Amino acid sequence: MTPILGIMASQISGHLVAPNNYESIATVAVTTAVSSITFSSIPGTYKDLQIRGVGKAVSSGIWVTLKMNSDTTSGNYYAHRLLGNGTAASFGNNVGSSAGIDFTTFYPTGSTAFVTDILDYTSTNKAKTVRTLSGYDANGSGEFNYMSGYWAGTSAITTLTFGNTANFEQYTHFALYGVK
Amino acid sequence: MTAGATYTSIASTTLSSAASSVTFSSISGAYTDLVLVSVVICATDSANQRMTVNGSTTALYSTTRISGNGSTTASGRYSGLNYYLLTGGAINPPSTNGSQIIITNLMNYSNTTTDKTILVKAGNPTGSTYPGIEYNVELYRSTSAISSFVLTTDAANFSIGCTFSLYGIAAA
């Protein structure tokens, strides 16, 4: 089979995202351990946001939290999740904390990868929905986490703060994108 | 602050005849993540779909998955593999009755500081032998940037009409 080289025009009908409608907004690459990662002054010119990244924490199984704007009201955050730990599937749900939604878990071994969508983030008429696919594998351990989260705020989202009580390690990488 | 439009079509192919493998090579390192969208039918219902990167078939790959088939949910793990197991832990591409959609996210594929983690989501129509949905997180224990990969199955050829589309996403 002849390998596919270089750049070719897509031959399938329709793109996943129309050209020029998916833009990179900002990126954080951790060089020394930090306890939080913040995207601020997020422009309101997109329809949805997507955050993509990989990361590690100093300690095992620490929840990474996601806070919208500066809302520290724990009852404004909620999450449901479907988990697979390599042995059994399970489910869970919980009210958030003052740090926000329990977003995913980072570990010192392997790298947790995640793709997060925040839909209709500029709406002032409804609460916000967050959806995350995430997981890590460490060749003998690992977990897949499919989370649906909720923020009760009806303000447009202008700031996202990811927190981690165990610190985000070097080489953790978060990238924020806007979808028109 | 904004880096502009991204999510670029890198390469795409639709099989005009059955093939045992599909290769993407000379992949630019200019992006942050790669997204591979595969629409797959195989000659048999029992073929697992695999990916090897940079020509490596050593036992450096592993998988943790979760799946559901409409009746049960399950989770499994495979360690010390010689390939990324894109599907086959719980579902396999159909040979008839529709096609399997597989979206593979190769995260931070071009860095040379961390091992390579991918996220895979796949869905199969009912009417095939192994229907359902499957989500995998997979690891390749190498810090080398990914510049090529090969898709194969373990039991049958990819059928005519399969499509494979590769996109690059560049962070600011």
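Here the structure is a predicted model, which is why all the values come from computation and not from measurement. Chain naming here is simple, since letters A, B, ... match the order of the sequence lines and numbering starts at 1 in each.
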Under 4.5 Å heavy-atom distance to chain A, tell me which part of [X] shows up: side chain, backbone, both or neither.
{"X": "B:Thr32", "value": "side chain"}
{"X": "B:Ser28", "value": "neither"}
{"X": "B:Lys121", "value": "side chain"}
{"X": "B:Asn111", "value": "neither"}

Give a yes-or-no answer on whether the side chains of B:Asn105 and A:Arg52 include a donor-acceptor pair shorter than 3.5 Å.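 A donor-acceptor contact under 3.5 Å links the two side chains.
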Quick check: under 4.5 Å, non-hydrogen atoms only, which of residues 84-100 of chain A neighbour chain B?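 A:Gly84, A:Asn85, A:Gly86, A:Thr87, A:Ala88, A:Ala89, listed by number.
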Check this for me: B:Tyr78, atom OH, are more than 12 non-hydrogen atoms of other residues, nucleotides or ligands nearer than 6.0 Å?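 Atom OH in B:Tyr78 is crowded, with more than 12 foreign heavy atoms closer than 6.0 Å.
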Say whether, by atom type as modelled, one donor and one acceptor occur between the side chain of A:Asn139 and the main chain of B:Gly80 under 3.5 angstrom.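 Yes, A:Asn139 side chain to B:Gly80 backbone: donor-acceptor pair under 3.5 Å.
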Chain B contact via A:Ser134 - side chain, backbone, both or neither, heavy atoms under 4.5 Å: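 Answer is backbone: N, CA, C or O of A:Ser134 sit under 4.5 Å from chain B.
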Does the side chain of B:Glu138 reach to within under 4.5 Å of the side chain of A:Asp137, using non-hydrogen atoms?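 They are not in side-chain contact.
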Could you list the donor-acceptor pairs under 3.5 angstrom formed between side-chain atoms of residues 143-160 of chain A and any protein atom two or more places apart in sequence or on another chain?
from: A:Glu143; atom 1: OE1; to: A:Thr105; atom 2: OG1; distance (Å): 3.3
from: A:Trp151; atom 1: NE1; to: A:Asp71; atom 2: OD2; distance (Å): 2.8
from: A:Thr158; atom 1: OG1; to: A:Asn69; atom 2: OD1; distance (Å): 3.4

What verdict does the side chain to side chain contact (heavy atoms under 4.5 Å, CB included) test give for A:Glu23 and B:Thr6, after you've listed the backbone C-alpha separation in whole Å, the side-chain angles of each residue and the deciding distance to 0.1 Å? CA-CA 5 Å; A:Glu23 294 187 353; B:Thr6 183; 5.8 Å; no
